There are 2 protein chains.
Amino acid sequence: MKKVTINSVASYAGVSKKTVSRVLNNEPNVSDATREKVLKVFKELDYTPNPIARGLAQNRSFIIGCIYDNPSKSYITRVQTGALAACQENNYNLLIHPCDMRGDALISNIEQLLQTSRLDGLVLTPPFSDFKELVDFLKTKKIPYARVASAVLDDESISVRSNDEQGAFEITEHLIGLGHRSIAFIKGHPDHSATEQRFKGYLRALETHGVQFNERLVEEGNFSYHSGVDSARSILDLTPRPTAVFASNDYMAAAVLKLATQRQLKVPDDISIAGFDNAPIARHIWPGLTTIAQPVEDMTKQAVTKLIESIAQPEEKPYQVTLEARLITRESTAQIK
Amino acid sequence: MKKVTINSVASYAGVSKKTVSRVLNNEPNVSDATREKVLKVFKELDYTPNPIARGLAQNRSFIIGCIYDNPSKSYITRVQTGALAACQENNYNLLIHPCDMRGDALISNIEQLLQTSRLDGLVLTPPFSDFKELVDFLKTKKIPYARVASAVLDDESISVRSNDEQGAFEITEHLIGLGHRSIAFIKGHPDHSATEQRFKGYLRALETHGVQFNERLVEEGNFSYHSGVDSARSILDLTPRPTAVFASNDYMAAAVLKLATQRQLKVPDDISIAGFDNAPIARHIWPGLTTIAQPVEDMTKQAVTKLIESIAQPEEKPYQVTLEARLITRESTAQIK
DNA sequence: TGACATTATGACACCGGTGTCAGCTTGGGA
DNA sequence: TCCCAAGCTGACACCGGTGTCATAATGTCA
């Protein structure tokens, strides 16, 4: 079984390479008869163009990079799912690149990645979506990029987000509606812009409903389960104990639930717990977590689709979209007793 | 800023392209003086070879594909971590390709993938690791592949596994040691070879310790949380109720725990629960799950490293290794009352 | 019917590497 | 001193596509 290349197709069809190339790329100026003939040969010879050769000629790799530094594995999985969907539709590949947000070497690490892999574009997921230094670097290097779940839509680039502030507002409002007035809050990782957004939503809900803000009820977390345990300890030790806890993601909420249960507290009877993200764990534990569902796959898919479009036609075409988040109530929150 | 290519390096250093290529690939027959000179120019010009051009010349893509169809996201994440580690060390990229194990189109789907992406090799993760049809296909196509967590080491290929049977034996033995004699078992997905292995370990432990096997205690699951819920329902409805449940993975074990808790059963006082895999959820819930930890990252890393080696030097070099699994006891199992 | 615009096609260079092979240096042994 | 093997180097083709430009074929209009 010999390799089928553009040359074999050309000679078999009795046309030049270039004509075959034209047919391949749906270029104009090919007569219908010739196009038909070549297409038929494609079928007969079962021809697939070699993306590497094409990449060399066009100085493209047909690979999109996705960088992340996120403690939430389920979030990453969802991002990958969305990105893969977009890539598959456009015959792109996805290169995943976990890296360390903090290290000094970050920028040079990314530069290295771009150099060696010749990526056509980069998807920035939290916390990189709002990492100004990196974004500026990509801008000057003219590397196409798209941002997922960035806090703000402030530039001419591609950015798809969901409304974290509004989500946090709604879930806090839900707790207030259940009669809670002492609602603890666990913040996320300071590098993530979502952290501030979710906190803002919490504050706005308190204010809207005339609930006094109490800064002793706020704990610093970092989105990891472990940090949730620490925060939970502080919160459960408070006297009077808050009647509800809103953690900035489900892992930390799960940690609160675990510690509360260990301490013989009944959830939601003794304390209500709410999370954020609708991670799998939110429905894998008892009681299930009330949380906010974000369309992570959809966000990422849109971002990557637009990114690939912008690679093909590099006019500056901003695409800035905010998708809605949705409250999901489960058993972990209830009317105050 | 102009692109730095092998040509610029060559003319700058005053040697031929080929000599630069020799230095790049550490080939012999380059004088030390020349080598030094070229290496210096590499630094000065900050040269990085273009993997696409190299790929075209050598008919390689420097991309490894990883295919999976696994309900356990955390397992996939761990596989990716291991595979990425090996890839990064060898300047390879990882292409992830979720696909449907059952569909008729599987083989042609994979064929399509290989055609369009020109992968250099494939990592088969469960359930594909033991999918004979696919393995045979790859063999005839002479596509290098490595198998992760396959049930058996029976051929001349690359295969890294951990000892599922022994792990299941140990955890069952642990339960027997705690006084349990009525131990329910939830099987995994029939397509996964681990399913049978774990069941065998369970049986062997019963036999070794003279515990009568009772087939009514065995439920069919499929590794998903949801299937765990169904199995849990049947098991908890049994009279007399078993005093322990061993689920073939942690998600199903978590489902048993959730249902038991919903039904006001105390774990482990009323019923002990054990899982398998040491997934994150095993320590994120209360009580934490007693389980078997497998070196998934390490397995995958070894497999991919060997795979890349075998691509570079395609002599038939089997690499068949079994790593050990480890019992982790947490709060979900206890002495029978 | 002739002049000219438009469409269709192919020859050829090029992308940035690697493989082959020939030619030039060296050094060691006869 | 001469010969030959081994070491070093470069010229050139090649991998499989795409871009540029010249040319051939066709159509249009006066």
Side-chain angles (χ1 to χ4, degrees), chain A residues 2-39 41-42 45-63 91 114-118 120 311-314, chain B residues 2-39 41-42 45-63 91 114-118 120 311-314:
Chain A
K2 279 180 51 186
K3 266 180 301 185
V4 180
T5 73
I6 199 171
N7 291 300
S8 29
V9 172
S11 68
Y12 193 91
V15 297
S16 72
K17 284 170 75 168
K18 183 61 209 182
T19 299
V20 177
S21 171
R22 288 199 183 88
V23 174
L24 261 184
N25 296 285
N26 275 313
E27 283 173 31
N29 297 340
V30 180
S31 73
D32 288 351
T34 310
R35 191 179 298 272
E36 287 301 313
K37 189 170 56 181
V38 173
L39 286 173
V41 175
F42 282 176
L45 266 47
D46 193 20
Y47 169 66
T48 321
N50 183 331
I52 298 178
R54 190 191 294 222
L56 179 61
Q58 302 188 321
N59 197 25
R60 304 218 262 152
S61 62
F62 298 93
I63 298 181
N91 288 312
L114 293 167
Q115 281 276 321
T116 57
S117 301
R118 313 276 159 159
D120 289 349
I311 291 166
Q313 303 150 14
Chain B
K2 281 180 49 187
K3 266 178 301 182
V4 181
T5 73
I6 200 172
N7 291 300
S8 29
V9 172
S11 66
Y12 193 92
V15 299
S16 72
K17 286 169 73 167
K18 183 60 209 182
T19 299
V20 177
S21 171
R22 288 200 182 88
V23 174
L24 261 183
N25 295 286
N26 277 314
E27 284 174 28
N29 297 340
V30 180
S31 73
D32 287 351
T34 310
R35 192 179 296 274
E36 288 300 315
K37 189 169 56 177
V38 173
L39 286 173
V41 176
F42 283 176
L45 266 46
D46 193 22
Y47 170 67
T48 319
N50 184 331
I52 298 178
R54 192 190 294 224
L56 180 61
Q58 302 188 323
N59 197 24
R60 305 218 261 152
S61 62
F62 298 93
I63 298 179
N91 287 313
L114 293 168
Q115 282 275 320
T116 57
S117 300
R118 313 275 159 158
D120 288 350
I311 291 166
Q313 302 150 15

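Residue numbers begin at 1 in each chain, while the letters A, B, ... track the order of the sequences. Fair warning: this is a prediction, and the values are worked out from it, not measured in the lab.
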**Study point:** Gln115(A) CD - dG16(C) C1' separation (whole Å)
**Key:** 14 Å
**Study point:** Nearest-Å distance for atom pair CG/P, residues Asn7(A) and dC14(D)
**Key:**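 Rounding to the nearest Å, CG of Asn7(A) and P of dC14(D) are 11 Å apart.
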For [X], all residues meeting side-chain contact (heavy atoms from CB on, under 4.5 Å), sequence neighbours excluded:
X: Leu56(A); value: Ile52(B), Ala53(B), Leu56(B)
X: Asn26(B); value: Arg35(B)
X: Asp46(B); value: none
X: Ile311(B); value: Arg60(B), Ile64(B), Tyr92(B), Asp120(B), Pro144(B), Leu307(B)

For nucleotides 24-27 of chain C, tabulate all protein N/O to nucleotide N/O atom pairs closer than 3.5 Å, reporting atom names and distance.
none

**Study point:** Side-chain touch Ile63(B)/Ile63(A), heavy atoms, less than 4.5 angstrom
**Key:**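 The answer is yes; the side chains approach within 4.5 Å.
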**Study point:** Heavy-atom check, side chain of Asn59(B) versus side chain of Lys3(A), under 4.5 Å
**Key:** yes
Less than 3.5 Å apart, which donor and acceptor atoms pair up between the side chains of residues 9-16 of chain B and the rest of the protein, not counting sequence neighbours?
| unit_1 | atom_1 | unit_2 | atom_2 | d |
| --- | --- | --- | --- | --- |
| Ser11(B) | OG | Asn7(B) | O | 3.4 |
| Ser11(B) | OG | Ser8(B) | O | 3.2 |
| Tyr12(B) | OH | Glu44(B) | OE1 | 3.1 |
| Ser16(B) | OG | Lys18(B) | N | 3.4 |
| Ser16(B) | OG | Thr19(B) | N | 3.2 |
| Ser16(B) | OG | Thr19(B) | OG1 | 3.2 |

Practice item. Verify the contact: side-chain N or O of Ser21(B) to OP1 or OP2 of dG17(C), cut-off strictly under 4.0 Å; return yes or no. Key: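 Looking at the OP1 and OP2 atoms of dG17(C), neither is under 4.0 Å from any side-chain N or O of Ser21(B).
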Review point. With Thr116(A), which residues qualify under side chain to side chain donor-acceptor pair (under 3.5 Å), at least two apart?
Key: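 Checked Thr116(A) against side chain to side chain donor-acceptor pair (under 3.5 Å); zero matches.
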What are the two closest heavy atoms between [X] and [Y], and how far apart are they?
X: Asn91(B); Y: Phe62(B); value: O-CB, 4.2 Å
X: Tyr47(A); Y: Thr5(A); value: CE1-C, 3.6 Å
X: Pro49(A); Y: Arg118(B); value: O-NH2, 3.6 Å

Check your understanding: Taking atom CG of Asn25(B) as the centre, does the number of heavy atoms from other residues, nucleotides or ligands within less than 6.0 Å exceed 12?
Key ->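 Enclosed.
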Check your understanding: Does the dG10(D) base have a donor-acceptor partner in the side chain of Arg22(B) within less than 3.5 Å?
Key -> yes
Practice item. Tell me which residues in residues 49-62 of chain B put a heavy atom below 4.0 Å from DNA chain D, sorted by number, or none. Key: Leu56(B), Ala57(B)
Revision key, fill the gap. Under a 4.0 Å heavy-atom cutoff, the residues of residues 9-20 of chain A touching DNA chain D are Lys17(A), Lys18(A)
Check your understanding: How many angstroms lie between atom CG of Asn29(B) and atom OG1 of Thr34(B), to the nearest 0.5 angstrom?
Key -> 11.5 Å
Practice item. Show the numbers, then the answer: is there a side chain to side chain contact (heavy atoms under 4.5 Å, CB included) between Leu24(A) and Arg54(A)? Key: CA-CA 11 Å; Leu24(A) 261 184; Arg54(A) 190 191 294 222; 4.3 Å; yes
Point to revise | Relative orientation of the end axes in the helix from dT1(C)-dA30(D) to dA30(C)-dT1(D), expressed as an angle to the nearest 10° (five pairs per end) | key: 50°
Exercise for review: For DNA chain C, determine which residues of residues 25-38 of chain B have any heavy atom closer than 4.0 angstrom to one of its atoms, and list them numerically.
Suggested key: Asn25(B)
